[in-house]
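Positions are given from 1, in the same order as the sequence printed here.
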Amino acid sequence: MKRAILVWSVILFLGLPMSLSAQLQKDAADQQQRKAKFEQFCQFRRDYMQKQIGLTDQEAQQFFTLYEELEAKKWKIDKEARDFARRVARSKSAVSDTEYEKAAQALLEKDEKMAQLDREYYDKFKTFLSSEKLFKFKNAQMKFPRAMMKWHGGKNGQHKGRGQK
């Protein structure tokens, strides 16, 4: 009996590092895959915006430097607000009215901060883009989520709309 316990202990002891190694390799592969998909998304967004706005190569270089900076700042603001709201929503202990108020306020302020950023960067874009291209940019921003769903949708970007099979 002692020998069987010893054998199983050795098997488990030797098998554990292999299992951990396999999990670490899988996590690294998943992270690489996520990074590659994000890069594909960024390229799709760049191509879509450039086409919709009608940017020249010189304008595109200036535009995307600022646009990606803007998107990074907006993402950070959104993440901070969502994380705070999520902590309150998922709290295991009782949440006070004050905490609920702070979470609601954080979500409201998120929208205000994003609007301020949009205004700030709109003024920066205005220095090198025409009024027509600024309008097309705002229009492209509104249409982008639908274009992204089509791109991300069915095989080869063939997204099927409502009622289609």
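In this structure, the separation between OH on Y100 and OG on S91 is 7.5 Å, given to the nearest 0.5 Å. Residue E132 holds its CD atom at 11.5 Å from CG of N139, rounded to the nearest 0.5 Å.
Proximity of Q141 to Y67: side-chain heavy atoms (C-beta onward) are separated by under 4.5 Å at one or more points. You'll find the side chain of M49 reaches within 4.5 Å of the side chain of F64, heavy atoms only. In this structure, the side chains of K102 and F84 come closer than 4.5 Å at one or more pairs of heavy atoms.
More than 12 heavy atoms of other residues, nucleotides or ligands shown are found within 6.0 angstrom of NZ on K138. Open room surrounds CG on D97; 12 or fewer heavy atoms of other groups in view lie less than 6.0 Å from it. With a 6.0 Å radius and a threshold of 12 heavy atoms from other residues, nucleotides or ligands, F135 has its CZ atom at or below the threshold.
Geometric assessment of K35 against the ring of F38 yields a negative cation-pi assignment under the 6.0 Å and 45° thresholds.
In this pair, F41 and W151 present their aromatic rings tilted. The plane angle is within the 30 to 60° band. Ring geometry for F137 against F125 counts as perpendicular: the plane angle is over 60°, on a 0 to 90° scale with 30° as the lower cut.
For the residue pair Q43 / D47, a side-chain donor-acceptor distance below 3.5 Å is found, with atom types taken as modelled.
Ionic pairing of K74 and D78 is not present here: no N-O contact between side-chain nitrogen and carboxylate oxygen is shorter than 4.0 angstrom.
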